[in-house]
Every structure is written in structure tokens, then in C-alpha cells.
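Beneath this line is the structure, given in C-alpha cells, with notes to follow.
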Protein chains: 2
Amino acid sequence: MDLSDVRRHHLSVVLEHLVRSGPRSRSAIAQETGLTKATVSALITDLLDRGLVQELDTPTAGRVGRPATDVGAAGHSVGALGLEIDVDEVAACVVDLAGAVRTVHRHTAGNRDVTARTVINRLRDVTQRAMADAARMGIDCIGATLALPGLVDPQARTLFVAPNLHWFDADLRSLATQLRLPEHFPFTMDNEANLGALAELRHGAGQQFDSFVFVSAAGGLGAGIVLDGRLLRGAHGFAGELGHVVVEPSGKPCACGARGCLETFLHSDANPDELARHLADALRTVVHLIDPDAVVLGGSLAALGDEFAHAVADHLHADTLGARWHPCAVRRSTLSTDAALVGAATAALDRIIADPTIVPTRAFAH
Amino acid sequence: MDLSDVRRHHLSVVLEHLVRSGPRSRSAIAQETGLTKATVSALITDLLDRGLVQELDTPTAGRVGRPATDVGAAGHSVGALGLEIDVDEVAACVVDLAGAVRTVHRHTAGNRDVTARTVINRLRDVTQRAMADAARMGIDCIGATLALPGLVDPQARTLFVAPNLHWFDADLRSLATQLRLPEHFPFTMDNEANLGALAELRHGAGQQFDSFVFVSAAGGLGAGIVLDGRLLRGAHGFAGELGHVVVEPSGKPCACGARGCLETFLHSDANPDELARHLADALRTVVHLIDPDAVVLGGSLAALGDEFAHAVADHLHADTLGARWHPCAVRRSTLSTDAALVGAATAALDRIIADPTIVPTRAFAH
DNA sequence: CCTCTTTAGTTCGGATACTGTACTAACTCG
DNA sequence: CGAGTTAGTACAGTATCCGAACTAAAGAGG
């Protein structure tokens with residue numbers, strides 16, 4: 001750490017503040033971040049040079065004193081690609097820095113019984129279309145993230161297993177090229193539930209809860225765990241496999257080898273009441289181990305309605321040790337089924353927010 | 001964050017490096033931390049002024065060049081108190097900054113069927129004796145942490161429930177006074193399993209694993225979860241309640257209200273083979289949710305021998321999803337049963353390492 | 001319409017902490 | 001005893017932050 005790291009950190013703090021809390025004046029930023037007005041001015045000048053923030057027409061509110069000029073994250077000019085491969089569709093979207101989803105392209109078709117090459121070609125097509133849209137709208141895309149329904153190693157770019165996709169030990173290092181992304185384009189991948197949780201953190205329950213578990217039922221059953229505003233990925237990125245928590249040791253055998261995994265109770269003709277009970281059993285374990293503020297039900301579980309959520313909450317609170325003092329809230333996700341897709345783009349955007357200096361300055365002598 | 005925070009951070013980095021990696025020369029520190037020699041010299045001078053490090057007699061190794069003067073953490077002069085209340089004993093210890101346990105005092109007696117006041121008086125006595133020892137040895141104690149067998153809120157200084165101690169909703173805000181600790185003495189408290197995990201992180205498995213789950217069987221059954229070298233406490237400090245993971249839904253009722261909790265299978269006449277199977281069932285869930293590198297068996301589970309650990313590992317790996325790529329290691333703790341006690345002192349010491357500037361400078365004009 | 005007050009934002013001097021280079025210190029080797 | 005090597009210090013240069021003083025732009029009030 002040296003002086004430039006301090007600068008980097010402060011740029012990140014200011015940009016994050018603008019992205020999360022919306023446009024405001026330099027003066028307000030100074031107050032809210034604890035930095036001085038002078039420093040904030042310098043930081044904003046820097047961010048303006050990088051095209052990450054912009055001055056806005058601020059309505060003169062008729063208040064005493066010199067009117068402020070609000071600055072806001074440059075939503076219109078910077079964005080990221082979110083990609084997704086799911087059991088029955090592939091999709092690509094562009095989300096801008098202000099958090100708006102600017103374009104979505106999908107190709108709905110079963111991906112289970114075709115070759116990986118076919119699926120990748122489908123993904124390439126929607127990706128190309130999304131990038132063309134971005135170019136047309138003047139959005140500078142600074143990275144892409146791919147959501148996958150399985151165990152992923154983001155570092156090695158390997159998909160270990162995606163049971164519902166029938167993919168095993170897939171080496172995805174050449175994927176960026178196959179998708180025809182630009183050379184050296186920042187490209188990462190992650191588990192679909194993790195990215196769904198990230199979307200929830202930025203655009204949903206995250207506004208209310210600091211620590212929560214996002215349960216994603218799309219094909220399989222996964223969970224993304226957010227603790228203190230940070231995603232818990234585990235030592236190897238395998239965390240959150242809620243579907244394979246055993247709730248009935250004498251139950252039906254699961255594809256994973258064990259018996260009575262929660263996932264074996266999740267099928268189209270499942271009795272909601274019974275599912276609520278089994279889900280609550282699995283969540284009770286999660287609460288005992290992780291102690292989150294809330295559980296957010298996503299995917300097809302959100303569609304089961306508030307009644308289902310209440311049933312889960314009741315079962316959950318009944319026998320949970322800490323429920324008397326801090327009962328864990330159970331909510332339905334307010335995001336659409338695109339949570340993972342949007343979360344993927346969000347993950348890519350987070351890289352800029354964490355370090356705005358990766359975007360080059362376009363200052364020129366005057 | 002400003003310039004002085006940079007300084008604080010670097011002081012912390014250097015001190016932590018010395019504590020964890022042992023004494024070494026300024027030059028070596030510079031290389032290993034990436035700081036320049038000049039900066040390290042300045043930082044060491046500062047730490048010397050605070051009495052946190054000391055220059056050592058370095059054996060001239062007969063190597064070419066000017067011989068180095070090693071500096072090391074001032075183990076002999078700075079330390080912290082670790083306190084513990086358990087079902088059948090209270091204890092106090094002093095651990096110095098170098099990690100050595102300098103004194104331990106215990107009072108073994110059942111704490112379950114006596115008043116809280118009696119227990120606190122017992123703890124006060126061992127605390128006073130430990131502090132007297134510290135004074136005699138010239139150790140400046142900079143704080144204390146208390147390990148408790150139950151759900152603790154460290155901020156509010158409340159013990160919500162300690163089932164095995166029969167304590168409920170105990171307000172411990174006046175405890176520092178009752179123990180006759182000095183006025184404004186930094187005093188915190190935490191769950192016994194969490195602190196055991198901290199001890200394991202600093203003095204045991206932590207050297208080998210970045211993320212692990214420490215299973216503590218002492219009275220009840222708890223777990224301390226370490227992820228990326230940091231303790232996972234949960235949103236309310238309730239994380240790690242491994243004892244109340246349900247492994248047999250139709251099993252015996254547990255004090256917590258549920259049936260077939262892991263803890264109900266842990267009694268003196270338990271069949272080790274059966275216990276291994278149930279423990280592995282619970283740990284499989286932990287691995288699926290948290291994805292640690294290893295599980296460390298502590299307390300009475302460590303005493304069951306390597307055979308038991310192997311049995312747990314075999315059961316665990318059988319049906320765990322990610323085991324094929326990253327099997328979770330199962331180890332016995334190498335620490336004594338004092339893990340939580342030592343961990344408590346370690347937690348207090350960590351405060352200095354995190355911010356060495358809390359110790360005043362004793363520089364004087366010359 | 002002019003002055004006072006209020007709030008926004010900039011400029012500038014002072015303090016601080018880091019870096020890199022040049023230096024001094026202390027030892028071994030031949 | 002000098003050349004070579006490594007440890008540690010001194011010092012100038014640079015970047016950043018802060019605080020105070022300043023300029024800018026509006027409303028309030030006579």
C-alpha cells in the first residue's frame with residue numbers, strides 16, 4: 001500500500017457511493033464520506049476524466065446559497081455484459097453503471113441434449129447481439145461474467161460439474177475466444193446462485209439486509225450466501241449447495257450419492273406444504289451454521305407466493321436456537337427470473353467500482 | 001482514510017509479520033512485505049518506541065556483508081488475558097505477544113448448580129491470580145476476552161443462552177467491574193467455539209489451512225468457522241451451532257425443540273462408529289454450505305484418536321458433491337483442551353496487531 | 001437595487017508518509 | 001588491508017490529504 005492506493009481507495013469509495021446512493025453534490029459526498037470538500041472535488045475531477053461520472057442538470061431548488069451541481073455515475077456510457085447458460089436457455093444482457101438493464105437477448109431451447117459446442121454457439125449469438133446493442137447505445141463495455149448452473153472454479157475457468165446440464169469437467173479457458181469477445185476482454189465465470197445473490201444484494205434485499213441467503217430454484221437448487229455485504233464463495237467456490245443438504249436420511253437416493261437431499265423433494269408435482277417443511281428443515285441448518293439476517297426465496301420458489309414464504313418462516317422459527325432473539329426473516333425475491341443474468345453483469349461492474357483506475361483517463365491538454 | 005491510516009496499516013502489517021513469522025531483520029521484512037527498507041526502518045523505530053518489538057542479539061552467521069540485527073515481537077513485555085467459564089471449571093491465562101502461554105490458573109468445580117455470582121467470584125479469583133503473575137513477570141496486559149459456552153452478543157455484552165450452564169439472558173455489562181479489572185480495561189466476550197477456532201488459526205491448523213471448521217466438543221457441541229483466515233461470526237454472532245444440525249429427523253427430542261440434533265448423539269456412552277457417522281452427516285452439510293479446506297476435531301473428539309478421524313473422513317467424502325475435486329481434510333486438533341482459553345487471549349492480542357497505535361509511545365527527548 | 005447571508009466549490013499552504021538514490025556501517029574474503 | 005557484500009540510514013522528491021481562506025452564485029431583506 002502506498003499513496004496511490006489511498007487515492008484508488010478514495011476513488012472507489014466515492015464512485016461506490018454515487019452508484020449505490022444516487023447522484024448528489026460534491027458537498028454532500030464530502031459530508032457523507034467524511035472526506036473534505038477539497039479532496040472530493042479532486043476525486044470527482046479524476047472520475048470525470050475517466051468518464052465514470054458526469055455532471056447533471058440540477059434543478060435549482062429555490063434554496064438559499066449557491067446551488068449545487070449534482071454528479072452521478074455515468075450510467076449511459078459505461079456498462080458490462082452478463083451472460084448465462086441455463087438448462088433451457090442461454091441469455092446475454094448489458095447493465096450500465098447506474099444499474100439499468102439496457103438490453104437482454106435470449107435463446108430459449110433445451111441445452112441438455114445437445115453438444116456443448118451447440119450451446120456455446122447459441123451463447124455466442126446472443127452475446128454478439130447484446131454487444132452490438134451496447135455499441136449502438138454508445139455503452140463502453142468493460143467486462144463480462146458468465147453464470148453457470150454448477151460447481152465452477154473461476155480462477156481455473158473450469159466447470160467441474162453441472163448435473164442438470166450433463167456437463168462434467170469442462171475446460172472453459174477458450175470460451176472468451178469462442179464467444180468472439182475482444183482480445184484481453186476481462187471475462188470471469190461463477191455459479192448461478194452466487195450471481196443471483198449478488199443481484200439481490202445490489203438491487204433487491206441487499207438494501208435491507210446485510211447478511212442473507214438467496215435460494216435459487218432454477219433446475220437444481222442452489223444458494224448464494226452474502227455475509228456483511230460480501231459473497232461467501234468458500235475455499236474452492238463450492239459453497240451454497242443447499243440442494244444437497246440431507247433432510248430425510250431414509251429418503252430417495254439423489255444423483256449426488258446421498259439419500260433424501262432437499263433437491264429430491266423439488267419437482268413440479270411437489271406438495272407446497274411438504275416442500276415448505278423440508279425447505280425449512282434445510283434452512284434451519286443454514287441458520288444454525290451461518291446466522292444470516294434473512295432468507296430470500298428466488299426462482300420458482302418466489303412464484304409460490306407469500307403464503308409459502310410464511311409457511312417456511314413458521315417452520316423455520318419453530319426449532320431454531322437463536323430465533324427468539326433474532327428470528328431470521330423469510331422474503332420472496334422481488335427480482336425477475338433474470339437475477340443470475342443481471343448479477344453476472346453486476347459482478348463485472350463491481351470490478352470498476354472496486355478500482356476505478358482500471359478505466360483509462362481521457363484527459364487532454366487544453 | 002488518510003495518511004495516518006496508511007501508517008497505522010503498515011505498522012499493523014509489520015507487527016503481524018513479526019508475530020506470525022518470527023524475528024527477522026529489517027531488510028528481510030522489507031523484502032517480504034514489499035515496503036522499502038527506509039519505510040521499514042521508520043516503522044520499526046515507531047514499534048520500538050511503543051515497546052511492541054525489540055532488537056535481538058542476532059548470531060553472526062559468518063555470512064558475507066554487514067550482519068543483520070533481528071527484531072522480534074516483544075513477547076516478554078506485552079500480553080493479554082484469556083478467561084473462560086465452562087461447565088465444570090473456570091480459568092484465566094496470560095498469553096504474550098510472541099504467542100507463549102505464560103501462566104494458567106484454573107478452578108475446577110461444577111458451575112451448573114451454583115449461582116452466577118459464585119461462578120463469577122471463582123472467575124474473579126483466577127483472574128486476579130493471573131494478573132498478579134503478569135505483573136510479577138513484567139507483562140503489560142492490554143486487554144481480556146472471555147470465552148462462554150453459549151450464544152453471545154459481544155457488542156451488547158449479553159449471554160443469550162448457555163444451555164449446559166443453565167444461564168439465560170444474562171446481562172454481563174458489569175462483569176469487568178465484578179472481576180476487578182482495571183477501569184476502562186478493554187474487555188470483550190465471545191463464544192467458546194469461535195475462540196477455539198481462533199486459537200487453532202494462530203497456533204494450530206491455521207498454519208496449513210486458510211479456511212477450516214473447528215469442531216469443539218466440550219459439554220455441548222459447537223463449531224468455529226474460519227474463512228480466508230477470518231472468523232465467521234454471523235449477523236448476530238450465532239454462527240457455528242453445529243450441535244443443532246439435525247441428522248435424524250425421527251430421533252430423540254433435543255433441548256432446543258427439534259428432534260435428532262447431532263448433540264443428542266454425543267454422550268459418554270456413545271458408540272464411536274455411530275458418532276462418526278452422525279458427525280460426518282452434519283459435516284457433509286457444513287461442507288456443502290461453507291466449502292472449507294478442512295475440519296479440525298477438537299475437545300473430546302480429538303481424544304477419540306486418528307481412527308475416529310479417518311472414519312469421519314470416509315463417511316464425509318462418500319457423498320459430498322465437491323469431494324472428488326477438493327476433498328475436505330479431517331484432522332485432530334493438536335492443541336490441548338485449553339484451545340478456547342488461549343484463543344480468548346489471542347483475540348485480545350489481535351486488537352494490538354490490528355492497530356498498534358493503541359499502545360502509547362514512550363519516546364522521550366534525548 | 002444593493003448588501004448581507006448562506007451554501008457550493010476551488011485554491012493554496014502545510015503536514016505527512018512513501019519512494020528511490022546515495023550514503024554510512026560492519027562484516028568476509030583473498 | 002583493500003575489494004566486495006549486505007544492513008541500515010539520510011535526504012530529496014513526490015503525492016496525497018487536510019484546513020483555512022477564497023471565489024461563486026444564489027436568496028433575503030430593506
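Remember, predicted model here, so these are calculated numbers, not experimental data. Residue numbers start from 1 in every chain, and the chains themselves are labelled A, B, ... in the order their sequence lines are given, proteins ahead of strands.
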Closest approach to the side chain of [X], judged atom by atom: which nucleotide of [options] is it?
X	options	value
B:Ala38	D:dA10, C:dA17, D:dC18	D:dA10
A:Ala68	C:dG9, D:dC18, D:dG8	C:dG9
A:Val6	C:dG9, D:dC18, D:dT16	D:dT16
B:Pro67	C:dA17, C:dA26, D:dA10	C:dA26

For [N], does OP1 or OP2 lie under 4.0 Å from any side-chain N or O of [X]?
X	N	result
B:Thr69	D:dA7	no
B:Arg26	D:dT9	yes
A:Thr39	D:dC18	yes

Rounding to 0.5 Å, atoms CG (B:Leu81) and CG (B:Leu341) come to a distance of 9.5 Å
Using heavy atoms to find the nearest nucleotide of DNA chain C for A:Gly65 and A:Ala28 separately, return the residue whose nucleotide is more 5′.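 Result: A:Gly65.
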Mapping A:Ser4 and A:Val64 onto DNA chain D by nearest heavy atom, which one lands closer to the 5' end?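 Its nearest nucleotide being more 5', the pick is A:Ser4.
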Whole-Å distance between [N] [atom2] and [X] [atom1]?
X	N	atom1	atom2	answer
B:His10	C:dT16	NE2	C1'	14 Å
A:Arg63	D:dG27	CZ	P	12 Å
B:Glu55	C:dA26	CD	C1'	15 Å
B:Asp46	D:dT9	CG	P	14 Å
B:Ile29	D:dT9	CD1	P	11 Å
B:Leu35	D:dG8	CG	P	15 Å
A:Leu43	D:dA15	CG	C1'	13 Å
B:Gln31	D:dG8	CD	P	12 Å

Would you work out how much the helix from C:dC1-D:dG30 to C:dG30-D:dC1 bends between its ends, with each end axis defined by five base pairs, to 10 degrees?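 The end axes of the helix from C:dC1-D:dG30 to C:dG30-D:dC1 are about 10° apart, to the nearest 10°.
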(Q) Check this for me: does the side-chain of B:Arg66 come within 3.5 Å of the base of C:dA26 through a donor and an acceptor? (A) no
Hey, can you pull the donor-acceptor pairs under 3.5 Å for the side chains in residues 28-38 of chain B, sequence neighbours left out?
unit_1, atom_1, unit_2, atom_2, d
B:Glu32, OE1, B:His17, NE2, 2.5
B:Glu32, OE1, B:Arg24, NE, 2.7
B:Glu32, OE1, B:Arg24, NH2, 3.4
B:Glu32, OE2, B:Arg24, NH2, 3.4
B:Thr33, OG1, B:Ile29, O, 2.8
B:Thr33, OG1, B:Leu35, N, 3.4
B:Thr36, OG1, B:Thr39, N, 3.3
B:Thr36, OG1, B:Thr39, OG1, 2.9

task = Give a yes-or-no answer on whether the side chains of A:His236 and B:Asp293 include a donor-acceptor pair shorter than 3.5 Å.
result = yes
| request: State whether the side chain of B:Asp96 and the backbone N or O of B:Ala100 hold a donor-acceptor pair below 3.5 Å, judged by distance alone. | output: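 Judged by distance alone, yes, a pair lies under 3.5 Å.
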Non-neighbouring partners of A:Asp140 that pass side chain to side chain contact (heavy atoms under 4.5 Å, CB included), sequence neighbours left out
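Applying side chain to side chain contact (heavy atoms under 4.5 Å, CB included) to A:Asp140 gives none.
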*asked:* Counting only heavy atoms not in A:Arg20 (residues, nucleotides, ligands), do more than 12 fall under 6.0 Å from its CZ?
replied: yes
- Item | Intermediate values then yes/no, side-chain contact (heavy atoms from CB on, under 4.5 Å), B:Leu52 and B:Ile352 | CA-CA 9 Å; B:Leu52 294 174; B:Ile352 299 192; 3.9 Å; yes
* Going by an N to O cut-off under 4.0 Å, is there a salt bridge joining B:Asp291 and A:Arg233? ->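 Looking at B:Asp291 and A:Arg233, the cut-off is not met.
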